[in-house]
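Note that these values count all heavy atoms, side chains included, but never hydrogens, waters or copies made by symmetry. We name chains A, B, ... by the order of the sequence lines, and we start the count at 1 in each one.
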Number of protein chains: 2
Amino acid sequence: MSYEKYMKEAIKEAKKAELKDEVPIGCVIVKDDKIIARAHNLRESKQQSIAHAEILAIEKACKKIGSWRLENCDLYVTLEPCPMCSGAILQSRISNVIYGAKDFKGGCIESCMKMYEVAGFNHYPKTISGILEDECAELLTSFFKKKRLINKQKKASS
Amino acid sequence: MSYEKYMKEAIKEAKKAELKDEVPIGCVIVKDDKIIARAHNLRESKQQSIAHAEILAIEKACKKIGSWRLENCDLYVTLEPCPMCSGAILQSRISNVIYGAKDFKGGCIESCMKMYEVAGFNHYPKTISGILEDECAELLTSFFKKKRLINKQKKASS
């Protein structure tokens, strides 16, 4: 199934983030059944609040096709996009957003709000959620579990 | 009045955009009463969907202070931020957003939706609207008026 095929590529990106001690979120953008951009969260490494996986992938995709209009492109991301990224997807005219895990602490497609049901914008992407949801969520759960454990050990030894 | 002082700087940026035939929107970010970043819309020149004035200014401000956390920073922008930029402001922990004109076709602070009244996010900037509103709006109105006129002339001569 191609949704899973591309979500697996997004998961590969998320794992690259984890290796850099970044929250493991990965993204790929697909056009005509080819990956035209791939990126992972780099907020801490770059010390850039906008360096989410989706923003970096959109930036690369625009460069790749030489246009700010990513029409007929699909964006795969392991976690439900935040307000900034949901907005960037809308601004770049991406056709479909496919995501894995829900984000109850910031997701703007279904969790905290339904941005694409707000009237007045000039583009509305279609969305598909829950693709390899458990695997995408597990990446995040185990990352934060490890982080908490390290913090606990640091406190105990200080 | 300092709100007007900095909005005038944002307007200067918007005028730079206009000179490049970009929709005239400008932004400055202020910390400790100093401008730490300034930018204007460059979507067409860069062919980048994320190259809105606010995103470019946030990117510069993060570089300038070496952190993704723009705490105690104020963002001045000539037009009410879109979903992407309202989200980027939230993600970067900016304290205050001050804007000029309302955007009925995409503004996410008061016009199309009230993003900062949605529950569940981990930061909520304060907002002030209507600073030099007429001047900010007039920049946009005259830009689109000129554009329509040029398009009309092109059609007539073809």
>> Using modelled atom types and a 3.5 Å cut-off, is there a donor and acceptor pairing between side-chain atoms of A:Glu59 and backbone atoms of B:Gln48?
In response: no
query: Can any side-chain N or O of A:Gln91 pair as donor or acceptor with the backbone N or O of B:Ile50 at less than 3.5 Å?
result: no
Hphob cluster co-occupancy, [X] + [Y], side-chain heavy atoms under 4.5 angstrom:
{"X": "A:Met7", "Y": "A:Phe143", "answer": "no"}
{"X": "B:Met113", "Y": "A:Ile109", "answer": "yes"}
{"X": "A:Ile25", "Y": "A:Tyr3", "answer": "no"}
{"X": "B:Tyr76", "Y": "B:Leu79", "answer": "no"}
{"X": "B:Leu56", "Y": "B:Val28", "answer": "no"}

Chain A heavy atoms under 4.5 Å from [X]: which part of the residue, side chain, backbone, both or neither?
{"X": "B:Cys108", "value": "side chain"}
{"X": "B:Ala88", "value": "both"}
{"X": "B:Lys63", "value": "both"}

query = Would you say B:Lys16 has more than 12 foreign heavy atoms packed within less than 6.0 Å of its NZ?
reply = yes
Is it the case that more than 12 heavy atoms not belonging to A:Lys46 sit under 6.0 Å from its NZ atom? no
* Asked: Do A:Cys62 and B:Gln47 have side-chain heavy atoms sitting under 4.5 Å apart?
  -> no
For A:Phe121 and B:Gly106, the nearest pair of non-hydrogen atoms, with its separation, is CE2-O, 3.7 Å
Nearest heavy-atom approach of A:Pro83 to B:Gly87 is CB-CA, 3.9 Å
Could you grab the distance from atom [atom1] of [X] to atom [atom2] of [Y], nearest 0.5 Å is fine?
{"X": "A:Met84", "Y": "B:Ser86", "atom1": "CE", "atom2": "OG", "answer": "12.0 Å"}
{"X": "A:Met115", "Y": "B:Met115", "atom1": "CE", "atom2": "CE", "answer": "4.0 Å"}
{"X": "A:Ser49", "Y": "B:Ile94", "atom1": "OG", "atom2": "CD1", "answer": "7.0 Å"}

Ranked by heavy-atom pairs below 4.5 Å to chain A, first place among B:Gly120, B:Ser67, B:Ala61 goes to B:Ser67
